[in-house]
Protein chains: 2
Amino acid sequence: MVRKKRARPSSYSGSITIDDVADMAGVSTATVSRALSSPGLVARDTRERVLEAVRNTGYIPNVAARSLRAARSKLALVVFPTCITPFFSELLIGIENALSAEGYGLITGSLLERPERETQLVHLVAAKQVDGVILLNGQMIRSDTLRVDQLDVPIVAVGVPGKSDIPSVLIGEREGAAAVAWHLLELGHRTFGYVTGAPGYVDDERWGGFTEVLTEAGIAVSEIVRYPGDFTGASGIGAGLQFIESSKRPTAVFAISDMMAIGFMKTLREAGISVPADVSVVGFDGIEFTAFCEPELTTIRQPSEVMGFEAARLLIELVQEKTIPADERSKTLGTELVIRESTAPPSR
Amino acid sequence: MVRKKRARPSSYSGSITIDDVADMAGVSTATVSRALSSPGLVARDTRERVLEAVRNTGYIPNVAARSLRAARSKLALVVFPTCITPFFSELLIGIENALSAEGYGLITGSLLERPERETQLVHLVAAKQVDGVILLNGQMIRSDTLRVDQLDVPIVAVGVPGKSDIPSVLIGEREGAAAVAWHLLELGHRTFGYVTGAPGYVDDERWGGFTEVLTEAGIAVSEIVRYPGDFTGASGIGAGLQFIESSKRPTAVFAISDMMAIGFMKTLREAGISVPADVSVVGFDGIEFTAFCEPELTTIRQPSEVMGFEAARLLIELVQEKTIPADERSKTLGTELVIRESTAPPSR
DNA sequence: CTATAAAATGTAATCGATTACAAAAACACT
DNA sequence: AGTGTTTTTGTAATCGATTACATTTTATAG
């Protein structure tokens with residue numbers, strides 16, 4: 001028989017601890033702890049007695065105590081880029097699904113306009129408050145103060161540079177852009193425009209996939225009209241104005257984000273240029289609003305929720321295993337061409 | 001002179017603790033702790049010596065240890081509704097700004113389709129893992145398992161029922177809807193339609209504000225055509241179909257969410273009905289897309305980022321003070337009527 | 001210059017779980 | 001029965017900060 005060193009407090013001490021459970025089940029705290037976290041180490045009937053006591057007391061482990069001793073917080077940090085779009089909301093849903101299924105919580109941090117926020121987030125990591133990090137943008141990696149990728153905390157990136165050796169979840173950027181090119185060629189287009197994103201990996205890849213197919217079809221890259229953009233709707237409007245003012249108007253334009261495509265179409269519409277009769281427009285991302293604009297936008301749909309889910313799964317594996325074969329440390333997901341109203345054969 | 005009980009570990013023990021800082025500054029750990037969290041309690045030069053040591057060692061407090069002892073985690077839980085819209089992303093930005101400014105972190109949890117997730121979140125609260133909760137939807141309050149509002153953790157709700165005594169950040173729902181009514185009356189409209197939201201507080205209030213003004217202007221409530229909706233774009237399309245099929249067509253329609261207004265307009269456009277020439281349409285929320293649809297939508301803009309910010313401020317005060325005068329426990333913010341292209345005088 | 005209050009600092013207990021190590025119990029095999 | 005394993009359980013140290021209480025130092029007053 002075991003004698004408890006700590007008598008059960010007669011006054012309601014605020015919350016139920018592992019000692020209370022141990023008392024009720026007539027075992028030591030060590031056994032309670034094991035029954036809960038490594039059931040295999042405890043005899044069947046002892047385990048059941050413990051679980052019974054947990055139920056009766058309504059015991060919930062104190063997370064801070066566990067984190068302190070076990071040096072694991074079961075919390076992941078998700079870092080958002082400066083501008084939060086619907087696309088990221090969907091990613092978040094997938095991430096949360098995967099994490100919560102494994103009992104992990106989720107701390108979010110967006111960088112926004114406040115640079116000092118970045119330091120704060122890095123500190124979260126350095127303080128071991130989180131077990132892993134999911135980067136939804138590549139910026140933080142460049143931080144001067146403390147480089148996240150040098151701290152020994154697992155990191156997973158979503159949709160950012162492939163040349164870095166950070167495990168990543170990517171989509172087939174080139175293939176997606178190539179599918180756009182095929183689609184437009186099939187419709188009979190021979191002159192093309194391209195609304196760029198902010199410079200970087202994503203823009204490079206999409207441009208590469210787009211031009212590769214066009215080149216094979218005999219279209220010179222120099223013939224493609226480039227309109228500068230930065231992924232935002234406002235920059236799509238700017239691209240639209242450039243299109244209107246120019247005398248050299250392609251019959252098909254690929255904007256590498258939906259918001260830009262929508263802004264672009266809006267500008268054209270106001271100028272009396274019809275989509276798709278006069279110009280075909282294609283976007284990229286597959287956000288919900290593409291089904292509500294006029295005309296409905298043909299676009300490349302990214303499996304955003306799946307991407308988030310896979311990223312979180314990858315992170316969990318990294319946290320738990322510490323080592324994963326190099327060839328499984330990144331995943332590439334496919335995209336889908338959604339053909340709607342904004343593309344049609346060119347008018348003659 | 002103080003003799004440290006714990007010799008400085010010669011091997012790099014993984015991370016720097018408060019003992020290392022105390023050693024370097026030649027003070028006790030208690031003094032280090034005080035210098036950092038209640039600077040007023042230590043002498044000026046001692047404090048500077050400690051801060052210097054903190055800088056030199058790169059010390060970052062272990063959050064788990066602090067939470068355990070201080071019974072505060074400096075973490076807030078933000079609960080999202082089942083469907084995440086751009087509006088909530090903006091709220092989140094405001095929340096994060098306010099929280100991070102005070103050194104608070106942010107755990108997010110969305111309810112989504114998984115009901116068991118609700119229990120998990122309630123456990124987070126029960127386990128004292130978070131110091132406070134921001135509810136972006138009213139659902140969780142109804143949980144059977146454990147009622148969040150019965151746990152003694154501060155809660156702030158954003159835009160949910162006022163009859164509950166939970167501190168809240170609200171907007172002038174009635175005033176906003178009234179402004180819509182005034183605007184449409186001023187334009188000369190006399191027949192009205194209303195696309196409802198899912199039943200509940202928000203819909204009641206907006207309906208109330210809308211009809212009150214119309215009643216005063218001599219319009220019978222029974223004359224207002226109600227189209228059922230649930231805030232989503234899809235339901236706006238449904239409302240549009242009903243409008244088209246009906247013989248009794250009002251000249252102005254108020255949809256109480258932007259997405260519904262956008263879906264509504266889309267359906268009308270496809271049926272050859274012109275907005276605003278044939279029908280004026282007004283939305284509610286002020287999401288970004290309202291500036292990109294065709295025609296640009298007249299709407300009521302909610303100060304979403306400010307709402308998030310204020311909610312977080314309120315929560316921090318509750319966490320720190322525990323008591324706030326009843327009349328300051330809720331805030332109501334104003335809205336703004338944004339007049340754009342979707343409203344015009346009725347054609348005769 | 002002493003008495004007393006106030007300010008600054010130190011000592012050590014504490015928060016609540018996990019886990020290394022030790023001890024006990026159960027089992028297997030000659 | 002005796003000895004060696006294996007399984008199960010308990011004891012107590014431990015994680016790293018905070019803080020009650022004790023002690024020392026400094027300031028203030030008479």
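Treat the numbers as computed from the prediction; the structure is a model and nothing was measured. Naming: A, B, ... by sequence-line order, numbering from 1 per chain.
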Find the distance [X]:[atom1] to [N]:[atom2] and express it as a whole number of Å.
X       : N      : atom1 : atom2 : result
A/Leu36 : C/dT18 : CG    : C1'   : 12 Å
B/Asn62 : C/dA17 : CG    : P     : 17 Å
B/Leu68 : C/dT14 : CG    : P     : 13 Å
B/Asp45 : D/dT26 : CG    : C1'   : 13 Å
B/Arg69 : C/dA13 : CZ    : P     : 12 Å
A/Arg66 : D/dG16 : CZ    : C1'   : 18 Å
B/Arg72 : D/dT18 : CZ    : P     : 8 Å
B/Ile60 : D/dG16 : CD1   : P     : 14 Å

Measuring from atom [atom1] of [X] to atom [atom2] of [Y], what distance do you get when rounded to the nearest 0.5 angstrom?
X       : Y       : atom1 : atom2 : result
B/Ile18 : B/Arg66 : CD1   : CZ    : 8.5 Å
A/Met24 : A/Glu52 : CE    : CD    : 8.5 Å
A/Leu68 : A/Asn62 : CG    : CG    : 10.0 Å

### Query
Does A/Ser28 put a side-chain nitrogen or oxygen below 4.0 Å from OP1 or OP2 of D/dT9?
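So the side chain of A/Ser28 is outside the cut-off, no N or O lying under 4.0 Å from OP1 or OP2 of D/dT9.
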### Task
Indicate whether OP1 or OP2 belonging to D/dT9 is found under 4.0 Å from a side-chain N or O atom of A/Thr46.
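Answer yes for this pair, as a side-chain N or O of A/Thr46 is under 4.0 Å from OP1 or OP2.
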If you only use heavy atoms from C-beta on, which nucleotide in [options] is closest to the side chain of [X]?
X       : options                : answer
B/Ala30 : D/dA17, C/dA12, D/dG10 : C/dA12
A/Tyr59 : C/dA12, C/dT19, C/dA17 : C/dA17
A/Ala65 : C/dG16, D/dG10, C/dT9  : C/dG16

### Query
With distance as the sole criterion, is a donor-acceptor pair present between the side chains of A/Ser73 and A/Asp131 under 3.5 Å?
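Per modelled atom types, A/Ser73 and A/Asp131 side chains form a pair under 3.5 Å.
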### Task
Assign A/Ser33 to base, sugar-phosphate, or nothing according to its heavy-atom contacts below 4.0 angstrom with the strands shown.
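Contact class for A/Ser33: base.
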### Task
Please work out if A/Val42 contacts a base, only the sugar-phosphate, or nothing of the nucleic acid, heavy-atom cut-off 4.0 Å.
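It contacts sugar-phosphate atoms only.
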### Message
Closer than 4.0 angstrom, basic N to acidic O: yes or no for A/Glu102 and A/Arg313?
### Response
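Looking at A/Glu102 and A/Arg313, the cut-off is met.
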